[in-house]
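Each remark here refers to the structure printed beneath this line.
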Amino acid sequence: MKLLSTIALLFLFIAAAPTNEDPLTKKGWKSLFDGKSTKGWHIYRGEATGESWQVEDALLVFNPIKKPGVKTGGDLTTDEEYENYHLSLEWKISEGGNSGIIFGVKEDSMYKKSYLTGMEMQVLDNNKHPDAKIIKHRAGDLYDLISSTKENLKPVGEWNQAEVIYNNNTIQLILNGETVVSTTVGDDNWNKLVAGSKFKTMKGFGTFRKGRIVLQDHGDKVWYRNIKLKQL
């Protein structure tokens with residue numbers, strides 16, 4: 001009887017023991033930023049030092065550093081490619097600042113810039129950046145393609161929650177909990193949108209369902225945190 005009681009207590013102890021498993025993992029999410037380094041990321045096509053991308057107080061920060069004749073930034077790009085996923089992250093922008101979340105990016109010698117293949121959820125100060133005066137270039141827009149159905153942007157200096165769901169050719173952009181863009185890549189409406197945009201001559205644009213995720217260097221200070229992804 002004592003032996004059975006001891007075994008039962010042992011099982012209870014094991015069940016109650018703390019686990020090192022990330023709670024995100026239990027829910028199917030994967031963290032893309034460890035809060036300590038840029039591990040898992042690199043500069044698109046290795047064409048810059050990436051020195052301007054820094055980690056400060058567990059935040060991923062693009063902090064423009066100017067050195068004569070040296071490009072210190074570049075678009076920060078995931079090491080891995082992803083297909084059919086839900087991306088979630090938070091961002092805040094500097095006054096008058098501009099950046100972007102680019103997805104479906106094919107990193108290849110054929111494509112010198114990430115935007116030649118990837119689609120962008122705009123990150124912007126809508127009040128002071130000149131791009132805000134251009135339709136389809138405001139924060140939350142699918143850049144140069146579709147305007148947000150609703151603008152619910154937080155003021156400069158406050159965090160915005162952004163989500164990109166790219167699944168089986170459908171795109172859903174969510175800003176601060178509200179869906180602001182929904183579309184289908186490759187259908188007739190999509191082809192018309194692209195034909196009327198600056199991407200019309202870019203043959204690889206929006207054609208890769210599996211691709212990398214990019215945080216854009218647009219020369220302005222921007223902060224990112226809680227970057228995570230769930231495969232669908």
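From a predicted model like this one, the values you see are computed outputs, not experimental measurements.
- Side-chain atoms of Tyr82 and Glu80, non-hydrogen and from C-beta on, do get closer than 4.5 Å to each other.
- Listed by chain and residue number, nothing satisfies the salt bridge (charged side-chain N to carboxylate O under 4.0 Å, His left out) test with Lys198 (two or more places apart in sequence, or in another chain).
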Could you pull out all donor-acceptor pairs under 3.5 Å where a side-chain atom in residues 130-137 meets a protein atom, sequence neighbours excluded?
| unit_1 | atom_1 | unit_2 | atom_2 | d |
| --- | --- | --- | --- | --- |
| Asp131 | OD2 | His137 | ND1 | 3.4 |
| Lys136 | NZ | Leu145 | O | 3.4 |
| His137 | NE2 | Asp144 | OD1 | 2.7 |

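- The side-chain hydrogen bond (donor to acceptor under 3.5 Å, both in side chains) contacts involving residues 147-159 comprise Arg138-Glu151, Asp141-Ser148, Lys150-Glu178, Asn152-Glu178, where partners must be two or more places apart or lie in separate chains.
- Under the salt bridge (charged side-chain N to carboxylate O under 4.0 Å, His left out) criterion, Lys203 pairs with no residue, sequence neighbours left out.
- For Lys36, there are no salt bridge (charged side-chain N to carboxylate O under 4.0 Å, His left out) partners at least two apart in sequence or on another chain.
- Residue pairs meeting the salt bridge (Lys or Arg N to Asp or Glu O under 4.0 Å) criterion with at least one member in residues 117-127, sequence neighbours excluded, do not occur.
- The hydrophobic cluster around Ile165 extends to Ile174, Leu232, counting ILVMFWY residues whose side-chain heavy atoms fall within less than 4.5 Å of a member.
- In this structure, the side chain of Asn169 does not engage the main chain of Thr184 through any donor-acceptor pair within 3.5 Å.
- Counting heavy atoms from C-beta outward, Val222 and Val61 have side chains that stay 4.5 Å or more apart.
- By the ring pair (Phe, Tyr, Trp, His ring centres under 6.0 Å) test, His218 is found to be paired with no residue, residues two or more places apart in sequence or in another chain being considered.
- Side-chain N or O atoms of Asn167 include none that pairs as donor or acceptor with a backbone N or O of Thr170 at under 3.5 Å.
- Looking at Lys67 and Glu51, a side-chain N of the basic residue comes within less than 4.0 Å of a carboxylate O on the acidic one, giving a salt bridge.
- Under the salt bridge (Lys or Arg N to Asp or Glu O under 4.0 Å) criterion, the residue pairs touching residues 213-229 are Glu90-Arg225, with sequence neighbours excluded.
- Side-chain N/O atoms of Ser99 and Tyr224 include a donor and acceptor closer than 3.5 Å.
- Judged as a ring pair (Phe, Tyr, Trp, His ring centres under 6.0 Å), and not counting sequence neighbours, His42 has no contacts.
- Residues passing the salt bridge (charged side-chain N to carboxylate O under 4.0 Å, His left out) test with Glu163, sequence neighbours excluded: none.
- Listed by first then second residue, pairs satisfying side-chain hydrogen bond (donor to acceptor under 3.5 Å, both in side chains) with a partner in residues 52-65 read Ser52-Thr72, not counting sequence neighbours.
- Ile213 is not listed as a side-chain neighbour of Ile102, based on a closest heavy-atom distance of 4.5 Å or more.
- When only modelled atom types and interatomic distance are considered, Glu107 and Thr77 share no side-chain donor-acceptor pair under 3.5 Å.
- Neither side chain, Asp34 nor Ser31, offers a donor N or O lying under 3.5 Å from an acceptor on the other.
- With rounding to the nearest 0.5 angstrom, the CG atom of Leu215 is 7.0 Å from the CG atom of Leu89.
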